[in-house]
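Quick caveat, the model's predicted, so the values are computed rather than measured. What you see below is based on every heavy atom in this structure, not just the backbone, and it leaves out hydrogens, waters and symmetry mates.
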Amino acid sequence: MTTQFSQFNLSAPLMARLNTNNFVTPTPVQAGCIPPALEGRDVLATAQTGTGKTLGFLIPIVEMLQKAQDRNAAQALILLPTRELAMQVEAAFKTIRTSSQQTVALVVGGMQERPQLDAIRRGARLIVATPGRLEDYLKRKLVRMDQIQMLVLDEVDRMLDMGFQPAIARIATTLPANRQTLCYSATLEGAVKEVARKYLNNPVRIEIGSVLKPAENVELRTFEVAADQKQELLEHLLESEDGSFLVFVRTKHGADRVARRLSRSGWSATQIHGDRSQSQRNSALRSFSEGHHRVLVATDVAARGIDVANVAHVINFDMPKLAEDFVHRVGRTGRASAKGVASTFAGPAERGDLRKIERTLSIQMKRFRVKSMSETAA
């Protein structure tokens, strides 16, 4: 029998918020993580992006904040790798919190300090932070961590890749020892295991699906196409298929070039990459998610942590270097239980790379060879 959120013994106000937002049936990661987290257990979950883990930790946080007494200090802390992800988690929290007194402070780099510090000073109950900026505030004694009852470490593997391990360790020393910790990662290798051992106490272990595998409901295609025909193929797919397109390219320069060419051809396209300012990235992301731009062109670095609903089609305009990057890119479509399509453009010289990705992930992509743009033959 399918589990429903109503079976989780949640408070009436939180159930009302979930119903308002049409959250009825939990995803497998939510069904696995929420009950032990509500009991106060530590949780160690391996699950890919797009499996609904955000709600899996926000629901226990909202329940805890409803019961917590101290109204003037942070009682929950969520650490995550990028400001884009932090902003999405903050927005998700605001949609399900049960009272305006459940205040939140966003603590991230690349944005003005004053609103962040004002929110902390006013007694934000939840802090959603990237490790670098939070550590900076702790050093300057601008934030208190002594009332934290719940710590969430999200996308731990990604935080460690980005070199945040020392910052996480220093932040952890400022937290109460008798807290609850929820830890989420796409993989459980090496350093992630070490983090789990260090910060979790007898955790409930949740493993959802293969740790490194694209979602079942994404149709995987590959087009063998010469480099100088990729742009034409992209436009052909835009003409022949419906919905929004998220296009991955290798370099910042490439992202600008592809987006410019699309715009010149009359397609509504925007781009995000490391050279764009935070406000430009936010604006591009918002415009894409609201449907004002049909195409978002992105580099891998900028795209980690993007969580946009209803992306119909992911295009690997340039081949990803690693199988893991392939999984992250493809995971932007087919979210929750929606269907998605992911197309990889590969030159004749990249056949070996393509096969390597297929072998690593135990997948088989549908192959198309592009002879000329008037015909794509299977």
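No more than 12 heavy atoms of other residues, nucleotides or ligands sit less than 6.0 Å from atom CG of N9. The number of heavy-atom neighbours closer than 6.0 Å to CZ of R140, taken from other residues, nucleotides and ligands shown, is above 12.
Contacts of Y184 classified as ring-ring contact (aromatic ring centres under 6.0 Å, His included), with partners at least two apart in sequence or in another chain: F57. Remark: H313 engages F245 in a ring-ring contact (aromatic ring centres under 6.0 Å, His included) (not counting sequence neighbours). Under the rule for a ring-ring contact (aromatic ring centres under 6.0 Å, His included), the partners of F345 that lie at least two apart in sequence or sit in another chain are F317.
Contact annotation: the side chain of L238 approaches that of R294 to within less than 4.5 Å [non-hydrogen atoms, C-beta and beyond]. Contact check for S343 versus V314: no side-chain heavy atoms found under the 4.5 Å cut-off. Proximity of F326 to N316: side-chain heavy atoms (C-beta onward) are separated by under 4.5 Å at one or more points. Side-chain contact between I171 and L77 is present, with at least one heavy-atom pair separated by less than 4.5 Å. Side chains of R367 and F223 form no contact here, defined as non-hydrogen atoms less than 4.5 Å apart. Under the 4.5 Å side-chain criterion, counting only non-hydrogen atoms from C-beta, D136 is in contact with E113. With a 4.5 Å cut-off on side-chain heavy atoms, F248 and V297 do not count as touching. Taking 4.5 Å as the limit, some side-chain heavy atom of L285 sits within range of a side-chain heavy atom of Q88.
When every heavy atom of D325 is checked against every heavy atom of P320, the shortest pair comes out as CB-CB, 4.0 Å. Considering all non-hydrogen atoms of both residues, S11 and Q66 come closest at OG-NE2, 2.7 Å. I363 and L220 get closest at one heavy-atom pair: CD1-CD1, 3.8 Å. When all heavy atoms are compared, the tightest approach of A119 to A105 is CB-CB, 3.7 Å. Taking all atoms of both residues into account, the shortest heavy-atom contact from M365 to E358 is N-OE2, 2.8 Å. In this structure, A342 and V330 approach most closely via the heavy-atom pair CB-CG2, 3.8 Å.
In this structure, S287 contributes its side chain and S283 its backbone to no donor-acceptor pair below 3.5 Å. Between the side chain of E232 and the backbone N or O of Q229 there is no donor-acceptor pair closer than 3.5 Å. No donor-acceptor pair under 3.5 Å is formed between the side chain of R205 and the backbone N or O of V43. The main-chain N or O of L38 is never found under 3.5 Å from a side-chain atom of E63 such that the two would form a donor-acceptor pair. Between the side chain of S99 and the backbone N or O of Q101, at least one donor-acceptor pair lies under 3.5 Å. Listed for the Q102 side chain is a donor-acceptor partner under 3.5 Å among the backbone atoms of T98. Not one N or O on the side chain of T130 forms a donor-acceptor pair closer than 3.5 Å with the backbone of R83.
Taking a cutoff of 4.0 Å between a charged side-chain nitrogen and a carboxylate oxygen, K339 and E219 do not qualify as a salt bridge. A salt bridge links K230 with D318: at least one charged nitrogen is closer than 4.0 Å to a carboxylate oxygen. Using a cut-off of 4.0 Å between Lys/Arg side-chain N and Asp/Glu carboxylate O, E90 and K94 are scored as salt-bridged.
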Exercise for review: Begin from the C-alpha positions of H236 and V370 and carry the test side chain to side chain contact (heavy atoms under 4.5 Å, CB included) through to its verdict.
Suggested key: CA-CA 11 Å; H236 169 75; V370 179; over 6 Å; no

Check your understanding: Does the side chain to side chain contact (heavy atoms under 4.5 Å, CB included) test come out yes or no for D154 and L79, once each step is laid out?
Key -> CA-CA 6 Å; D154 190 21; L79 286 179; over 6 Å; no

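Side chains of Q149 and R179: a donor-acceptor N/O pair is absent below 3.5 angstrom, by distance only. A donor-acceptor contact closer than 3.5 angstrom is absent between the side chains of H293 and S268. Residues H273 and D256 bring a donor and an acceptor atom of their side chains to less than 3.5 Å of each other. At a cut-off of 3.5 Å, with distance as the only test, no side-chain donor of R158 or T82 sits close to an acceptor on the other residue.
Taking CZ from R41 and CG from N202, the interatomic distance works out to 5.0 Å, rounded to the nearest 0.5 Å. Distance check: E135 CD to L138 CG gives 7.5 Å after rounding to the nearest 0.5 Å. Here OG1 of T181 is found 5.0 Å from CG of D42. Values are rounded to the nearest 0.5 Å. Taken from NZ in K53 to OG in S185, the straight-line distance is 9.0 Å, to the nearest 0.5 Å. We find the CD1-CG distance between I315 and L234 to be 6.0 Å, quoted to the nearest 0.5 Å. Taking CG of L55 as the reference point, atom OG1 of T95 lies at 7.5 Å (rounded to 0.5 Å).
With hydrophobic clusters built from ILVMFWY side chains whose heavy atoms lie under 4.5 angstrom apart, L182 shares a cluster with F5. No continuous path of ILVMFWY side-chain contacts below 4.5 Å connects V341 to L233, so the two sit in separate hydrophobic clusters. Both L142 and L175 are assigned to one and the same hydrophobic cluster, defined by single-linkage of ILVMFWY side chains at heavy-atom distances under 4.5 Å.
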